Each structure stands twice: as structure tokens, then as C-alpha cells.
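Only one structure is covered here, and it is reproduced in the block below.
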Number of protein chains: 2
Amino acid sequence: MPATLREVAERAGVSVRTVSNVVNDFPQVAPDTRAKVQRALDELGYQPNAVARTLRRGRSGLIALVLPELDVPYFAELTRAVIEQAAAAGYTVVVDQTDGDPVRERELVMRGSRAAMFDGLIFNPLALGDADLRDRPSSTPVVLLGERVVQGGLDHIMVDNVGAAELATRHLIALGRQRIAAIGDQSDESRQTGRLRTQGYQNALRAAGVEVVPELIRPTEFFHRADGAAAMADLLALPDPPDAVFCYNDLLALGALRTILSRGLRVPEDIALVGFDDIEDGRYSTPSLTTIRPDKTQIAKHAVQLLLNRLDGDQSAPAEVPADYDLVVRESTTGISTY
Amino acid sequence: MPATLREVAERAGVSVRTVSNVVNDFPQVAPDTRAKVQRALDELGYQPNAVARTLRRGRSGLIALVLPELDVPYFAELTRAVIEQAAAAGYTVVVDQTDGDPVRERELVMRGSRAAMFDGLIFNPLALGDADLRDRPSSTPVVLLGERVVQGGLDHIMVDNVGAAELATRHLIALGRQRIAAIGDQSDESRQTGRLRTQGYQNALRAAGVEVVPELIRPTEFFHRADGAAAMADLLALPDPPDAVFCYNDLLALGALRTILSRGLRVPEDIALVGFDDIEDGRYSTPSLTTIRPDKTQIAKHAVQLLLNRLDGDQSAPAEVPADYDLVVRESTTGISTY
DNA sequence: CTGAAAGCGCTTACAG
DNA sequence: CTGAAAGCGCTTACAG
């Protein structure tokens with residue numbers, strides 16, 4: 001059992017108030033009282049009880065980051081950025097994973113359960129939408145990440161998926177490709193990302209006068225390597241396979257790359273590839289991956305800042321913050337230069 | 001402000017005790033009392049205060065997983081496994097990242113700070129060793145992961161690094177390779193992993209009568225792709241480059257692979273490659289990666305089980321649990337079969 | 001500069 | 001089956 005404040009006070013022959021003053025480094029403590037208390041503190045190896053302190057103060061110093069999947073590199077990299085930003089503000093981040101499961105998302109965000117020890121939440125939903133989030137019983141501030149459209153009056157940071165997908169597709173068009181496929185469309189109403197990127201892809205094709213061919217738009221259930229590999233196999237089985245593919249994230253692109261190379265085809269000579277996310281894997285694949293790079297540091301910075309504002313009592317209208325992105329051109333569209 | 005138990009009690013015209021009984025689903029509540037209370041609960045949107053509950057109960061239902069780096073795929077994949085195992089036991093896992101920084105490791109594990117709201121800790125140290133962990137002031141149970149040797153009387157799960165490295169190296173020897181390099185040695189006293197794997201590598205070479213060539217053993221600061229790429233470049237600059245490389249993790253191997261391919265060399269024809277960890281990236285690279293596969297599910301299962309035992313008051317001697325592993329042979333040593 | 005005491009929001013023996 | 005009350009370990013206005 002760790003020592004309590006009262007035990008320290010008894011040992012030092014002072015009141016708990018004075019011990020608390022010393023523990024919290026308050027200035028108005030007489031030097032020799034401080035020394036006496038400090039000795040008792042050391043002897044008993046006192047550690048403040050964080051739970052009691054939180055109950056009393058009304059703040060834990062903890063914020064939760066709730067993400068679909070920690071082992072998706074984009075989220076892992078984003079997590080690193082959020083942890084750094086929060087640490088700079090004196091907050092500790094704890095991370096939780098939902099697998100995009102609506103039940104788990106609801107449980108974590110509605111905080112019915114014991115997860116409710118956090119001062120605030122940064123939440124990237126996959127399944128939950130406007131309706132679910134509208135009347136949370138909790139007053140814990142939430143900042144939303146990602147494309148799930150929520151009009152429910154919560155701060156929200158997202159990349160312009162349509163614009164980014166257009167940019168990626170235009171790049172392939174500019175390369176002179178004519179049969180440009182897309183991997184990652186999602187028919188599921190609750191998954192917005194795929195739909196929005198398909199929209200941008202189609203916009204770009206139409207603007208360039210390139211025909212939109214439905215069979216070149218491949219839906220996937222998830223955005224994992226395996227999905228990309230399978231979708232690419234389907235595309236290669238087409239009578240007239242594509243000469244370029246826009247994959248809705250880098251994991252899909254890496255899966256597609258594996259399939260292409262395993263058939264003895266070349267990237268980008270036979271098929272050019274563009275991904276999305278700029279995860280580290282894509283910088284080290286051969287060929288390296290041309291991709292859309294969302295500014296993860298900026299996303300993290302905004303998310304933490306918005307949350308801190310709310311914690312400070314900011315009552316202003318919910319913010320809709322667009323995150324910057326750009327196109328990073330690498331070997332999967334320009335070719336490998338062996339040196 | 002969320003409603004409190006007392007407010008619900010007043011509204012329902014009962015005592016807090018009765019409300020608590022309803023909230024916690026205790027059976028001995030009269031049906032109509034229950035209904036009355038339930039109505040008040042619903043009307044006020046009552047959510048129990050998890051902090052107060054934890055203070056009172058002495059348990060939060062939260063366990064912390066403290067890892068060096070979340071964006072290293074091995075740890076991300078391990079995290080998934082731990083979350084699954086803990087969830088099965090009714091615990092929620094929160095994850096924290098130390099970057100192997102001794103200051104952060106100490107802060108989190110010694111729980112000087114507000115992180116101290118967890119019932120238990122699963123900790124993979126990088127910098128902290130025996131001495132540091134010996135006299136923790138806290139009584140929160142800890143289970144250690146990884147190779148950092150700790151005799152301090154804590155439960156500990158680790159893979160046999162020496163044995164696994166021998167297995168990997170023997171595989172390369174069996175392929176007939178003669179100049180087998182190693183990437184990932186660590187001279188730093190506090191980093192055990194590299195040293196142990198080098199030992200296994202050397203054991204295997206000696207047992208096979210292959211000369212140990214110091215210049216073929218490359219130290220790296222971290223176990224990241226960039227380190228592997230740089231170390232491989234050094235090896236290729238040697239007058240007599242290796243014909244095989246054992247990389248101490250898959251990330252190093254993926255970096256090395258990138259360097260090899262970018263020089264126009266072939267894997268495995270010119271240089272065979274073996275990694276360690278079996279991360280998903282290595283299953284989708286071209287060529288796919290031969291690797292040592294630690295049983296991550298088993299590690300997670302043991303870690304959670306050991307922790308639960310301690311939480312249940314288990315006072316037995318600290319356990320040293322070896323984790324299973326095996327060699328997964330893929331294209332980076334056997335060659336790519338295009339189909 | 002320090003003490004005695006209230007209270008954060010729960011849970012739970014103790015009565016009845 | 002339900003109420004009045006103590007207490008988990010802190011922090012902090014209120015006195016002095």
C-alpha cells in the first residue's frame with residue numbers, strides 16, 4: 001500500500017494541508033517545515049493518488065485518442081504527432097482502438113463506462129455519424145477527425161478528400177495514362193472516405209475528357225494491403241487492364257504493387273500507381289510510392305489546440321478546420337532510376 | 001454538468017443508496033422503486049462518474065501498455081493483440097509511447113504523475129534496467145516485455161533472442177551462403193536486443209565453421225527502415241560485399257531491401273535477406289520477407305494473464321515466460337516465382 | 001505560515 | 001428492501 005497524505009502528515013507532525021502544500025510546491029511554506037515534511041515524504045516514498053486528485057480537481061490531465069486501427073500506419077503516425085502536441089501542452093494521451101465497430105465507438109465516446117476519466121477526446125469515427133453523436137450525455141469536449149460528416153456541432157478536422165483525389169488523378173492523366181482505375185470505393189453509406197475520393201477521381205477524369213469506366217472502379221471492404229492485392233488481381237483479369245491506378249490509401253497501393261510485380265509487370269512502365277497518406281512504408285518500397293501527403297503534424301496540432309480551447313471554456317461555434325495536403329511524386333509514377 | 005447520483009436520488013425521491021443499487025444492477029430492489037429510479041436516471045441522462053467510482057472501488061478497469069514506439073509495426077501489431085486479450089477479461093487498455101526515453105519510461109512506470117490511474121502495467125522498456133525497476137514506490141503490478149534483462153522480481157515475457165538469431169542464420173548457411181552479414185548490432189550497454197541477436201548469429205556461424213568477419217556486423221542506432229538502408233549501403237561499399245544479410249528486424253530488412261534493389265541487384269539471387277518480427281509489411285514486399293515470427297498473440301495472452309493473476313492477489317514468485325517463435329520462409333531467401 | 005474541516009461523487013457496511 | 005452515514009485520498013476556502 002502506498003503511503004497517504006495523512007500518514008505523511010502524522011509522521012512529520014503537521015497537518016495534511018501543509019503536506020499538500022509541499023507536494024504541490026506551493027511557496028508559502030516555512031523552510032524548516034518544508035524540510036521536515038520532505039523527509040517524511042521521502043521516507044515513506046509518498047506518491048500522490050492520481051484518482052483522488054482528479055476527483056478533487058476535476059481534471060485528470062489525460063486526453064483520449066480514439067482511432068479505428070492502431071496497426072494501420074497512417075493512424076500510428078498520426079498518434080505519434082498527437083502525443084507530441086499534447087505533451088507540449090502538459091497532457092498525456094491514451095490511445096484506444098475501435099476497429100470501426102459502432103458498438104465500441106459508442107461505448108468509448110458516449111463514455112458509458114469506465115473510460116470516462118479523460119478531460120477530452122480526439123475521435124476518428126468510422127461507423128458513428130451525426131445522429132449518434134448529437135446528444136451525448138457527457139460534457140467532455142470532443143474533437144473529430146476524418147471524413148465522417150458530422151453536423152452535430154463538434155469541432156472537426158478533415159482533409160478535402162474530393163480535392164485531394166482530383167489532384168492524384170490529374171497527375172496520372174498528365175502522365176498520359178488513359179485507362180485509370182481506382183481502388184477503395186465504398187458503397188456502405190456510413191463510410192464516407194471511399195465515396196468522396198471516388199467523386200474526386202471522377203471529377204478529374206471528366207474535366208480531362210476521359211471516360212469514366214465503372215468496371216475500373218473497385219470497391220474494397222477495408223483499406224488494407226490484402227484488399228489492394230485482391231482488387232488489383234481483379235483489374236488485371238479484365239480484358240483490357242488499366243495502365244494506372246489511384247489507390248485510396250498507401251496500404252491498398254502496396255497490396256496492388258505486390259500483385260502487379262508478382263505477375264512480372266512493371267511499375268510504372270506497365271501500370272503507374274498513386275496512393276494516399278504518405279506512410280513510411282511507401283517511401284521504402286520499390287518502386288517508392290507517389291502519394292497524397294496530408295499534413296499529419298498540422299492535423300494533430302489543430303486537434304489538440306481545439307480541445308485545449310474547449311477545456312479552457314471556449315464556447316465559440318464549432319470549428320471546421322481543413323488540413324493541408326500535397327502530392328508527393330515518387331518512383332511509382334516517374335520510374336526507378338538505378339544508381 | 002452531468003447529473004450526480006444525489007440529483008437522481010432527489011428527483012426519484014429515494015436515497016442515493018437505492019439509486020446506486022439500480023445503476024449497478026443489484027437484484028434487491030423492488031420493481032416499482034426500480035422503475036421510478038430508472039425514469040429519473042433516463043430523464044437526467046445520468047452517467048456514473050468513473051473517477052469517483054474508481055477512488056471508491058480501488059480499481060479502474062484500465063491497464064496501461066507502455067511501449068517504445070507505436071508506429072513501429074511490431075508494437076502496433078502487439079498492441080492489437082493485447083487489447084483483444086484484455087477486452088476478453090473485461091479490461092480496457094490504454095497505450096502510451098516512450099520513444100525509449102529513460103525519463104519518460106521512468107515517469108510512466110514509476111507513476112510519479114497522473115498516469116497513475118491504472119490497475120496494472122504491461123511495459124516494454126528500452127532504456128530502463130534492473131536497477132531502475134528494483135524499488136518502485138508503487139504497488140501497481142507490472143509485467144515486462146522484451147529482452148531488457150530484469151532480475152528485479154517482476155513477471156517477464158521474452159523471446160529467446162539468441163536461439164531465434166541462430167535459427168535465422170542457420171537458414172542462410174543452409175542456403176549455401178558464405179559471406180553472411182548482420183544488421184542491427186548495438187554497442188550501447190542498455191540495449192540488449194542487438195547484442196543477443198549478434199550472439200546467436202555468431203553461434204550459428206561458428207557451429208557451421210564459417211568465419212565471423214567483424215566488418216560484416218553492422219551496428220545501427222535504431223531498428224528503423226532508414227537504419228537498414230544506410231547499413232546496407234555500407235555493406236555494399238565493402239570490397240567484398242555479403243551474399244546474405246540477417247537483419248535484426250523486418251524494418252531494417254525492408255530498408256536494406258530498398259538499397260539492394262535500387263542498385264540493380266537481386267534478392268535473393270545476389271543477396272538473401274532474413275528479418276525478424278513478421279510484420280505485415282514483409283508479407284507484401286517484393287520479394288516477401290523470410291523472417292522470425294514471434295507468437296504475438298501468445299505474448300499478449302501471457303502478459304494479460306500474468307497481470308490479471310497479480311491483480312487477483314497472486315503472490316507467487318515472478319514468472320519468466322519464454323514466447324514461442326518460428327522461421328517463416330518466403331521469397332527473400334527462396335526466390336520469387338512469377339505466375 | 002498552518003490547522004480543522006468540507007466536499008469532489010461514488011460504494012457499502014450497518015441498521016432497521 | 002431502503003435510509004443515513006462513513007470514507008476512498010485528495011484540494012482548498014476559511015480562520016487564525
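We name chains A, B, ... by the order of the sequence lines, and we start the count at 1 in each one. Values below: all heavy atoms of this structure, side chains included; hydrogens, waters and symmetry mates excluded. Worth saying up front: this structure is predicted, and the values here are computed from it rather than measured.
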Between [X] and [Y], is there a side-chain N and carboxylate O pair less than 4.0 Å apart?
X: A:D295; Y: A:K301; answer: no
X: A:D96; Y: A:R104; answer: yes
X: A:R80; Y: B:D99; answer: yes
X: A:K296; Y: A:D324; answer: no

- Name the residue closer to the 5' end of DNA chain D, choosing between B:T33 and A:T4 according to the nucleotide with the nearest heavy atom.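 Closest to the 5' end, via its nearest nucleotide, is B:T33.
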- Hey, does B:R17 reach any base, or is it just sugar-phosphate, or nothing, if we go heavy atoms under 4.0 Å? base
Roughly how many Å is it from [atom1] in [X] to [atom2] in [N], rounded to a whole number?
X: A:R59; N: D:dT11; atom1: CZ; atom2: P; answer: 16 Å
X: A:R6; N: C:dT2; atom1: CZ; atom2: P; answer: 21 Å
X: A:M117; N: C:dG9; atom1: CE; atom2: C1'; answer: 13 Å
X: B:L44; N: C:dG9; atom1: CG; atom2: P; answer: 14 Å
X: A:L55; N: D:dT12; atom1: CG; atom2: P; answer: 12 Å
X: A:N49; N: C:dC8; atom1: CG; atom2: P; answer: 18 Å
X: B:L41; N: C:dC10; atom1: CG; atom2: C1'; answer: 14 Å
X: A:R57; N: D:dC8; atom1: CZ; atom2: P; answer: 20 Å

- Respond yes when some side-chain nitrogen or oxygen of A:R53 is under 4.0 Å from OP1 or OP2 of D:dT11, and no when none is. yes
- Query: When the C1' atoms of C:dG16 and C:dT12 are considered, how many whole Å apart are they?
  - Reply: 16 Å
- Pairwise 5' ranking along DNA chain C for B:V16 and A:T18, keeping only the more 5' one: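 Upstream on the strand: A:T18.
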- Check: B:Y74 main-chain N/O paired with B:E77 side-chain donor or acceptor under 3.5 Å: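 No, because the side chain of B:E77 does not come within donor-acceptor range (under 3.5 Å) of the backbone of B:Y74.
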- After noting the C-alpha distance and the side-chain angles of B:R6 and B:V19, does the key distance pass the side chain to side chain contact (heavy atoms under 4.5 Å, CB included) rule? CA-CA 8 Å; B:R6 199 161 57 130; B:V19 180; over 6 Å; no
- Query: Is there a Watson-Crick or G-U wobble partner for C:dA13 with both distances under 3.5 Å, and if so, which one is it?
  - Reply: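 When the pairing criteria are applied, nothing turns out to pair with C:dA13, so the answer is none.
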- Task: With a 3.5 angstrom cut-off on both distances, give the Watson-Crick or G-U wobble partner of D:dA4, or none if there isn't one.
- Result: none
- Message: If you only use heavy atoms from C-beta on, which nucleotide in D:dT12, D:dG7, C:dG3 is closest to the side chain of B:R56?
- Response: D:dG7
- For DNA chain D, the residues among residues 20-29 of chain A that have a non-hydrogen atom under 4.0 Å from it: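 Close to the strand are A:S20, A:N24.
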- Query: Which residue, A:F222, A:F75, A:F223, forms the side-chain contact (heavy atoms from CB on, under 4.5 Å) with A:P68?
  - Reply: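 Considering A:F222, A:F75, A:F223, a side-chain contact (heavy atoms from CB on, under 4.5 Å) with A:P68 is found only for A:F75.
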